[in-house]
Amino acid sequence: MERGVRWSENLMKSLDRRAVVLQTARGEAQLARDGQGPPVLVSHGGPGGFDLGLAWCRHLRDDGCELLAPSRPGYLRTPLQSGPSPESQADLYAAMLDVLQIERVTVLGFSAGGPSAVHFAARYPERTKALLLDAAILLPFEPPIGAARRATYESGLLVWLSYQLVTRWPEMMARFMINGVSKGLTSQQKKAAASWITSDPARLATFQEQFTAIAPTKYRKAGSRNDDGNQRALAPLPFGDVAAPTVIAHGTNEGIVPLEHPRRAASEISGAELVLVEEGHHVLSLSRNYRAVAQRQLELAHS
C-alpha cells in the first residue's frame with residue numbers, strides 16, 4: 001500500500017510540472033500546452049485530466065497543432081466549483097482563452113468531454129473554428145460502472161498494480177482494455193487490435209499514458225462522480241445552435257456509448273459529418289482505422 005501511495009504522490013508532482021493553473025474570470029483552471037500551430041482545445045473524457053487530453057490528441061500535435069488541454073472541473077488541479085455543469089465548463093474554456101489571448105480554436109471533445117464541447121461551440125460561435133467529437137456522450141447516459149469497476153478506478157493500490165501490468169505486459173493489458181470498451185469484435189479482431197497498438201513505440205506510449213491517466217485517483221474522483229451525475233441528467237444539447245464545421249466520429253464496435261448519440265447529433269447539427277470507424281472501440285484514437293478521421297480533423301484545424 002505504501003508503494004502505491006508513494007507512486008501516486010510522485011506522479012502528481014510530475015503532473016504539476018507539466019501544467020499551470022490559470023486565474024480566470026470563471027475560477028481557477030489547470031492547463032497544459034503542447035505543440036505549435038493552430039490551437040486545438042481538448043475537452044477530455046473521464047476519469048482523466050489534461051494528461052488524458054494530451055495523450056488522446058497526440059496525432060494533432062504531431063501534425064502541426066498546438067494542444068490546449070485543460071483539466072475539466074473536479075480533475076487534478078481544477079476545482080469542481082470552477083464549472084460543475086457542461087454549460088459552465090464551456091464558459092470556463094472561454095475564460096481560459098481570454099487569459100491566453102486566443103480568439104478562435106478548434107474544439108475536440110471526447111467521451112464525457114462531449115457535452116461541454118458542444119456547449120462551447122453553441123455559446124461561442126465566433127470563437128469556434130471547428131467542432132470535433134470522438135466517441136462522445138451526447139444524450140442522457142447511464143454510466144456502465146459497477147461497484148467493482150468503481151473500486152478499481154478509485155483505489156490507489158489497484159491503479160498502481162494496473163500500471164505495473166501495463167508496463168510489463170502491455171499487449172495483455174491492451175487486450176483487457178479493448179475487451180472492456182468494445183462489443184461485437186471477434187477474439188481474433190481483439191488480438192489484432194491489441195497487437196496494432198503495442199507494435200509501434202509511439203502508439204504504445206500513448207496507450208500507456210492513457211491507461212495511467214486515472215491516477216492519482218483522489219485528484220480525479222470529484223470530477224468523475226460529477227460527470228456521472230451530469231450524464232444521467234443531461235439536458236438536450238444545443239445541436240441546432242452549432243454553426244461551425246463539425247466532424248462526429250464513432251466506432252462501429254463502440255462498447256460504451258450507443259450509436260444513437262452520434263446519429264442524433266449528426267441529424268441536428270447543420271452540415272455535420274458523421275464518420276463511423278470500422279472496428280472502432282471507445283478509445284477511438286487508438287483504433288486501427290482512425291487515420292481517416294485524424295486526417296479530416298487536421299484539415300479543419302489547419303483551415
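The model shown is predicted, which means the values in this text are computed figures rather than measured ones. Only heavy atoms go into these numbers, but all of them, side chains included; no hydrogens, no water, no symmetry mates.
Residue pairs meeting the side chain to side chain donor-acceptor pair (under 3.5 Å) criterion with at least one partner in residues 94-105, sequence neighbours excluded, are Asp98-Arg127.
In the model, Glu171 has a side-chain atom that pairs as donor or acceptor with a side-chain atom of Ser195 under 3.5 Å. Residues Tyr290 and Gln295 have side chains that never bring a donor and an acceptor to within less than 3.5 angstrom of each other. Checking His282 against Ser182 by side-chain atom types alone, no donor-acceptor pair falls below 3.5 Å. In this structure, a donor-acceptor pair under 3.5 Å is absent between the side chains of Glu278 and Asn253.
Put simply, the side chain of Ser43 gets close to the backbone of Gly113: a donor and an acceptor are under 3.5 Å apart. At least one donor-acceptor pair under 3.5 Å links the side chain of Arg220 to the backbone N or O of Ala215. Not a single donor-acceptor pair under 3.5 Å links the side chain of Thr128 to the backbone N or O of Ala130. Under a 3.5 Å cut-off, the side chain of His261 and the backbone N or O of Leu138 do form a donor-acceptor pair. The main-chain N or O of Ala90 is never found under 3.5 Å from a side-chain atom of Ser116 such that the two would form a donor-acceptor pair. Put simply, the side chain of Arg203 gets close to the backbone of Trp196: a donor and an acceptor are under 3.5 Å apart. In this structure, Thr78 contributes its side chain and Gly74 its backbone to no donor-acceptor pair below 3.5 Å.
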> Do Glu268 and Arg263 pass the side-chain contact (heavy atoms from CB on, under 4.5 Å) test, and can you show the C-alpha distance, the side-chain angles, and the key distance before you say yes or no?
Replying inline: CA-CA 9 Å; Glu268 296 185 18; Arg263 286 175 174 156; over 6 Å; no
> Could you walk me through whether Ile178 and Ile197 pass the side-chain contact (heavy atoms from CB on, under 4.5 Å) check?
Replying inline: CA-CA 10 Å; Ile178 291 166; Ile197 291 172; 4.1 Å; yes
>> Assess the residue pair Arg58 and Glu209 against the criterion (salt bridge (Lys or Arg N to Asp or Glu O under 4.0 Å)); give the C-alpha distance rounded to whole Å, side-chain angles, the decisive distance to 0.1 Å, and a yes or no.
In response: CA-CA 11 Å; Arg58 177 176 283 175; Glu209 286 178 23; 2.5 Å; yes
> Yes or no on side chain to side chain donor-acceptor pair (under 3.5 Å) for Asp51 and Gln210, after CA distance, side-chain angles and deciding distance?
Replying inline: CA-CA 8 Å; Asp51 49 342; Gln210 291 194 26; over 6 Å; no
>> Determine whether Val99 and Gln23 satisfy the following criterion, side-chain contact (heavy atoms from CB on, under 4.5 Å), listing intermediate values before the conclusion.
In response: CA-CA 8 Å; Val99 173; Gln23 305 295 327; over 6 Å; no
> Can you check side-chain contact (heavy atoms from CB on, under 4.5 Å) on Gln30 and Leu15, steps first, answer last?
Replying inline: CA-CA 11 Å; Gln30 185 181 43; Leu15 290 169; 5.7 Å; no
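Counting heavy atoms from C-beta on, the side chains of Leu274 and Leu276 come closer than 4.5 Å. Here the side chains of Asp134 and Val247 are not in contact, with every heavy-atom distance at 4.5 Å or above. For the pair Pro70 and Leu22, the minimum side-chain heavy-atom distance is 4.5 Å or more. Inter-residue side-chain proximity for Val40 and Leu68 is flagged as unmet; no heavy-atom pair is nearer than 4.5 Å. By the 4.5 Å heavy-atom criterion applied to side chains, Val242 and Pro125 are not counted as neighbours. Inter-residue side-chain proximity for Glu273 and Thr246 is flagged as unmet; no heavy-atom pair is nearer than 4.5 Å. Taking the side chain as every heavy atom from C-beta outward, Gln208 and Pro170 approach each other to under 4.5 Å. Proximity of Pro115 to Leu234: side-chain heavy atoms (C-beta onward) are separated by under 4.5 Å at one or more points.
To the nearest 0.5 angstrom, Phe211 atom CZ is 3.5 Å from Met173 atom CE. Annotation: the span from Ser224 atom OG to Asn226 atom CG amounts to 9.5 Å, rounded to 0.5 Å. The CH2 atom of Trp169 lies 15.0 Å from the OG1 atom of Thr198; values are rounded to the nearest 0.5 Å. Here the straight-line distance linking atom CZ of Phe120 with atom CG of Asp91 works out to 9.5 Å at 0.5 Å rounding. From His281, atom NE2 reaches atom CG of Leu185 across 7.5 Å, with rounding to the nearest 0.5 Å. The distance from atom CD of Glu28 to atom CD of Gln81, rounded to the nearest 0.5 Å, is 8.0 Å.
Other residues, nucleotides and ligands place no more than 12 heavy atoms under 6.0 Å from the CD atom of Gln36.
The shortest heavy-atom contact between Ser303 and Lys129 is O-NZ, 3.3 Å. When all heavy atoms are compared, the tightest approach of Pro73 to Leu92 is CG-CD2, 3.8 Å. Ala135 and His250 make their closest contact through CA-ND1, 3.6 Å (heavy atoms, listed as atom of the first residue, atom of the second, distance). Listed here is the closest heavy atom pair of Ser287 and Gly280: OG-CA, 3.5 Å. The two residues Leu131 and Ala244 come nearest to each other via the heavy atoms N-CB, 4.3 Å. Residues Asn230 and Ser85 come closest through the heavy atom pair ND2-CA, 4.1 Å.
Cation-pi check for Arg232 over Phe141 is not met; the charged atom does not lie both under 6.0 angstrom from the ring centroid and within 45 degrees of its normal.
Under the 4.5 Å side-chain heavy-atom criterion for Ile, Leu, Val, Met, Phe, Trp and Tyr, Leu52 and Leu284 are members of the same hydrophobic cluster. Note on Val283: it clusters hydrophobically with Met172, by side-chain heavy-atom contacts below 4.5 Å among ILVMFWY residues. There is a path of hydrophobic side-chain contacts, each under 4.5 Å, that joins Leu298 to Val42. Neither Leu60 nor Val105 shares a network with the other; the hydrophobic side chains, linked directly or stepwise wherever heavy atoms of I, L, V, M, F, W or Y lie under 4.5 Å apart, form separate groups for each. Put simply, Tyr93 and Leu108 are part of two different groups of oily side chains (I, L, V, M, F, W, Y) that touch within less than 4.5 Å, one to the next.
Between Arg72 and Asp227, at least one side-chain N (NZ, or NE/NH1/NH2) sits under 4.0 Å from a carboxylate O, which counts as a salt bridge. Ion pairing of Asp63 with Arg291 is present here, as a side-chain N (NZ or NE/NH1/NH2) and a carboxylate O approach within less than 4.0 Å.
Residues His119 and Tyr124 keep their aromatic ring centres 6.0 Å or farther apart.
Each of Tyr75, Phe50, Trp56, Phe110 was evaluated against His44; a single residue qualifies, Tyr75, per the ring pair (Phe, Tyr, Trp, His ring centres under 6.0 Å) test.
For Glu66, the side chain to side chain donor-acceptor pair (under 3.5 Å) partners are Arg33, not counting sequence neighbours. Residues passing the side chain to side chain donor-acceptor pair (under 3.5 Å) test with Lys190 are Asn179, sequence neighbours excluded.
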